[in-house]
Structures are given as structure tokens and as C-alpha cells.
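Notes to accompany the following structure.
Below, read A as the first sequence line, B as the second, and so on, with proteins coming before strands; counting in each chain starts at 1. Any value given below was found using the heavy atoms of this structure, including those in side chains, with hydrogens, waters and symmetry copies removed.
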Amino acid sequence: MLTQVLSLEEELALITRGTEEIFPEEELVEKLKKARRNKKPLKVKLGVDPTGADLHLGHLIPVLKLKQLQDLGHEAILIIGDYTAMVGDPTGRNKTRPQLTHEQVMENCRTYQEQVFRILDPKKTRVVYNGDWFGKMSFQDVIKLMSQMTLARMLEREDFASRFQNQLPISLHEMIYPLMQGYDSVAIEADIELGGIDQKFNILVGRELQRTMGLEPQVGVCNPILIGLDGKEKMSKSLGNYIGINEPPYEMYGKTMSIPDELMMMYFELITDIPMAELQAMEQKIQNGELHPMEAKRMLAREIVTRFHSAEAALDAEAEFNRVFKENQIPDDIPEVTLTQEDLEDGKIWLARLLVKAGLVKSNGEGRRLIQQGGVRINGEVIDDVDFDWPAESGAVIQIGKRRFARVRMQE
RNA sequence: GGAGGGAUUCCCGAGCUGGCCAAAGGGGGCAGACUGUAAAUCUGCUGGCGAUGCCUUCGGAGGUUCGAAUCCUCCUCCCUCCA
């Protein structure tokens, strides 16, 4: 059912929020009008390939958009790409993706859905597997599908072109990926396809396939690529610049606080529901010095934790963050090292070794270097003597930098 | 099938007329200073060993040599060109 509390303009403004490009926008307006006229929701497609187990905020951006459209009364269709995942999307890749077996893919599916449904309403979401149609295709069908694409068009793409130029391999099966994704749109007769702007090519292929099959072409609604914690590269697991959906509140909060200031507004726009007018006002205040950027970032961090955990968790995480970084106190919950008599010599232990024992560093050498640099404290006191033998004391807290802690326990 | 090019420390990438190479430079990471936060900026560190030395590392296995990332042989993988 379609809720029509909003005007067309308001609805359009909501959909447009946090998008980089909508193509073509006029068609979106037409579709929205038609949906209102016929009281028939639009079919909104989001395809996900369960190629890994853990999701991060970057993956969630189109999911949040899907949720928004779902809340507007449109039909959310989540396509689990069990077949496309076996191919692997070459988009933006400088390497062929490893091919997954169907079992691995199905394995990932479970955790994927669990995470995605923390955002989407499961009762209102249609979940389909693209194996449902690809599994039934004959080789003839595949040949026919492949005839829709030319090599020249594929090589126009930045990713393939650069691989080609840099003498990196391009496997043939990668070429079929956009066609598969496009065919998904045919199969479900999508009105809108969501995705990052990097999906533009694939989404356009969907439009073309729909047109050749006599269907009304879908509209692409693309969000910008979320920049990761480093403020430079796109958020990705392999770069380690991500905030994972499954991370504990304190981690999420802290990681959010670590994003460069310039990224804040992007995060606000893409991840929170705070109205654009308020965001603009906030930006204004930061600019003229009325609002401290750090305060704004705190708010962002609270919003994010609230979204994936709860409001209470957000407050706890904030309190913890204050304790550690503002007051230089130790966190609530820190790991413990247990020392036995064997670790001690005359009741003492070499500090570098203790750090290794506590799992705070990987080697004596690393511990040594940190001690030399004044990065190591015991009970808050800096120890910079490399050869320091510490008279072990139960309950003492050893600390490296601002965020690595361990509490010492003595075993009798 | 034929001819060439390549594989280096977490990553990219020098070195490859044999010793001065635990191996330049950059990235990333970590620490310090400063601060407004795990922002920004600047500085330092970044194979292991209780360590002015020793040990393991430059795709794999052998060999030459007092000495090999560097030279030779074979093998594995990758790329390019021709067909």
C-alpha cells in the first residue's frame, strides 16, 4: 500500500537525498506519478552479492535507501545474488574476484540477511535469489543474453580498460556480470534499481535489457561511494577503514569520532534521518563557530550507534569515550593478563616481555621500541627505560598509547 | 605452439656491473608533541632475539663463491607479443 501523506515533491526530495545521480530523473517523476495514480507501489530493486560475511556502513548505504523507499510504501525487493556472487562483480576491481562455490555463497547469505534485516522490515521485504532464474537457463539462453553486449562497450569501462592497459588479466566470465545483474531487473520487472554510483554501468545494462524485452526501463538511483575512516579511499574491508555493522557500540562510536571533519556531512546525509534543513543549519553553525565540529561529530556517532544498536548503547559508548579520551581514564572493561611465578624473576618481569605476555605487542622488539618512545605506562606513569624490570603487582594497569590496556592479575 | 618480460620485507616499488643490504622511496600501521576527537599538522619507529652482536628473510629447489636479493641450472606461477 502506498501512504500518500507526502506530496510528490516531498517524496521526490526524500528519494533524492544522499544520491549522487538519478538517471533519468524525469522518468522517476513519471513513475512516481503513475504509482500514485494507480495506487500501485513501485518495485525497488537492490541486488546484493553475498561474497563476504560481514557488512560495513558502505554496504548499508543503498540498504538504507531501500528502507526509506519501503517506508514510503514502495515494494522493496532484495535480490540475493547467489549466482552473480559466483561470478563476482568486476566493478572497480583491478583483479579478478575469487570465484565462490554455491555452498560458500549460501553460507554467507544467512549472516548477510541477519544484518540487513536490522534495517529493513522483513515482513515487507521480498527476498529472491537470482539462482531462481539463472539456474533454469539453458546454454542457448546464455548465448542469447551474451549477444546483448559487445567487447567495445566493456572496454569503455574504466576498470577493464585500466586492467587491459596495465596488462592485468580479464577473465571472460567477468564480462557476463553486468548482463546477469541487468537480467535480474528483467526478471523482477524493476522500476528502480538502487546502488552505488559505481554500479551505473550495470544498472544501465539493466535498462537496456528491459527495453529489448519490451519492459518499461528501470530508473537508477545511485548513492555516492562512502569514503572510509581514512578520509581518502572508499570504505572497504580490505583497506581496514570501515565501521562494521556487527561491531560493538564503543568501537562504532570511537571509529566515527576518528573520521576527518570534512567527512561528517556526508555521513550525516547518507546514514542518518536528520532532515536536510537541520543538517544545513548545523553546517552553518559549524562554519561561523557557533557549534564545535567535535560536538557535531559526537552527535553523528550517537546517531550511528543508535541506528545499529540502541539509544542506551550510544550513551554508554559516549560515556566510555569521554572517560578514555577526555579524562584519560581507563575504560570499564579491559583485558587481563595473568602472571604466574614462572614469569617472574625475583618478583620482577622485564617490561617488554610483559607487553608481549599481555598480547599488547607482537614481539619484545616492538615493546622495546614503544618503551623507548615513551608510549608505555604502568598505572598512568610513563616508563621509558628499555631495561626496566617491573616488580609485579596485582591489579596494576599497563597501557600503550591511548587505547591499548591490560590489567595484571597474579596467579598464586 | 614460438619469442620476450616478471615474482623483493604488511602493500606498492627500488636494488639485480656479487660484499657498504634487514634491503632506498612511498603507502599503511603504531607511538610522541600539539589539540578540538581515535580530526588536522609536525616528529619518530616500523623482521626476530634481554641485542654494539647473533638468527631468519628477497617465488621454490639446487649450484658457483671466502661471501648471493644480486651470477648459473631446474621447477612453479603471472604477464606481453606473434600464431
Side-chain angles (χ1 to χ4, degrees), chain A residues 94-96 98 162-171 227-244 247-268 283 285-287 289-302 304-305 317-331 343-346 348-357 359-377 381-390 398-405:
Chain A
N94 56 11
K95 275 193 188 107
T96 305
S162 95
R163 270 156 75 173
F164 194 67
Q165 193 119 51
N166 293 317
Q167 314 184 335
L168 293 164
I170 302 170
S171 289
I227 304 295
L229 306 179
D230 55 20
K232 291 192 282 270
E233 306 284 346
K234 79 174 208 182
M235 185 175 281
S236 87
K237 191 154 187 193
S238 52
L239 292 173
N241 61 352
Y242 66 98
I243 301 177
E247 291 192 77
Y250 174 64
E251 283 300 309
M252 258 188 189
Y253 189 96
K255 282 187 174 185
T256 304
M257 289 306 283
S258 84
I259 65 170
D261 292 352
E262 303 78 71
L263 243 53
M264 272 198 292
M265 282 303 147
M266 181 189 206
Y267 277 54
F268 267 118
E283 201 172 5
K285 280 190 193 164
I286 292 174
Q287 223 123 70
E290 262 180 81
L291 179 66
H292 198 292
M294 187 183 73
E295 289 308 321
K297 208 186 283 181
R298 284 172 173 284
M299 184 171 156
L300 175 65
R302 279 198 302 271
I304 289 177
V305 177
E318 179 156 86
E320 185 84 345
F321 186 85
N322 287 346
R323 189 153 56 236
V324 176
F325 291 102
K326 284 210 127 160
E327 298 155 32
N328 288 318
Q329 307 264 319
I330 58 169
D343 298 316
L344 304 178
E345 234 173 273
D346 296 332
K348 294 179 173 182
I349 181 168
W350 182 35
L351 182 53
R353 174 168 299 138
L354 174 65
L355 297 176
V356 175
K357 181 91 181 136
L360 295 172
V361 296
K362 288 198 287 292
S363 65
N364 290 358
E366 190 185 341
R368 227 188 158 84
R369 285 191 294 267
L370 284 164
I371 295 166
Q372 243 155 20
Q373 295 188 87
V376 178
R377 291 159 196 263
E381 192 183 333
V382 175
I383 309 286
D384 57 5
D385 174 10
V386 180
D387 297 316
F388 185 64
D389 291 310
W390 180 59
I398 47 180
Q399 174 181 0
I400 297 181
K402 288 175 196 143
R403 20 192 309 235
R404 284 185 277 175
F405 299 88

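- For A/Y250 and A/N364, each mapped to the nucleotide of RNA chain B holding its nearest heavy atom, the one lying further toward the 5' end belongs to A/Y250.
- Separating the CD1 atom of A/I400 from the P atom of B/A38 is a distance of 17 Å, rounded to the nearest angstrom.
- Listed nucleotides B/U37, B/G50, B/C30 differ in distance to A/W350; the shortest reach to its side chain belongs to B/G50.
- With B/G36, B/G50, B/A31 as the candidates, the nucleotide lying closest to the side chain of A/D389 is B/G50.
- Residue A/G374 is classed as a sugar-phosphate contact, given heavy-atom separations below 4.0 Å to backbone atoms only.
- In the set B/A51, B/G28, B/A38, B/A38 carries the atom at the smallest distance from any side-chain atom of A/E251.
- The side chain of A/S363 contributes an N or O atom lying less than 4.0 Å from OP1 or OP2 of B/G48.
- Look at CG on A/L263: it is 10 Å from P on B/A40, rounded to the nearest Å.
- Following rounding to the nearest Å, A/K255 (NZ) and B/A39 (P) show an atom-to-atom distance of 14 Å.
- Looking only at distances, a side-chain donor or acceptor of A/Q399 sits under 3.5 Å from a matching main-chain atom of A/G401.
- Scanning atom types as modelled, no donor and acceptor separated by under 3.5 angstrom connect the side chain of A/D230 and the base of B/G28.
- Across all strands shown, B/A7 forms a Watson-Crick or G-U wobble pair, both distances under 3.5 Å, with B/U76.
- Among the nucleotides B/G36, B/U37, B/C45, the one closest to any side-chain atom of A/H292 is B/G36.
- With B/U46, B/A51, B/A39 as the choices, the nucleotide that has an atom nearest any side-chain atom of A/R368 turns out to be B/A51.
- Taking only distance into account, the side chain of A/R353 meets the base of B/G50 through a donor-acceptor pair shorter than 3.5 Å.
- Judged purely by atom type and a 3.5 angstrom limit, A/W350 has no side-chain atom pairing as donor or acceptor with the backbone of A/N364.
- The residue among A/L370 and A/K362 whose nearest nucleotide of RNA chain B is located toward the 5' end is A/L370.
- The backbone N or O of A/G244 sits less than 3.5 Å from a side-chain atom of A/E247, completing a donor-acceptor pair.
- Taking 3.5 Å as the limit, the base of B/G44 and the side chain of A/Q373 contain a donor-acceptor pair of atoms between them.
- In this structure, the CE atom of A/M294 is 6 Å from the C1' atom of B/G36, given to the nearest Å.
- Following rounding to the nearest Å, A/M265 (CE) and B/A39 (P) show an atom-to-atom distance of 19 Å.
- Looking at heavy atoms from C-beta onward, A/E345 lies out of side-chain contact with A/K348 at the 4.5 angstrom threshold.
- Within 4.0 Å (heavy atoms only), A/P260 reaches sugar-phosphate atoms of the nucleic acid but no base atom.
- For A/K402, a side-chain nitrogen or oxygen approaches OP1 or OP2 of B/A38 to under 4.0 Å.
- Atoms CD1 (A/I243) and C1' (B/A38) sit 11 Å apart, rounded to a whole Å.
- Relative to the side chain of A/S258, the nucleotides B/A31, B/U37, B/A38 differ in distance, and B/A38 lies closest.
- Of all the heavy atoms in A/F405 and A/P331, the pair that sits closest is CE1-CD, 3.4 Å.
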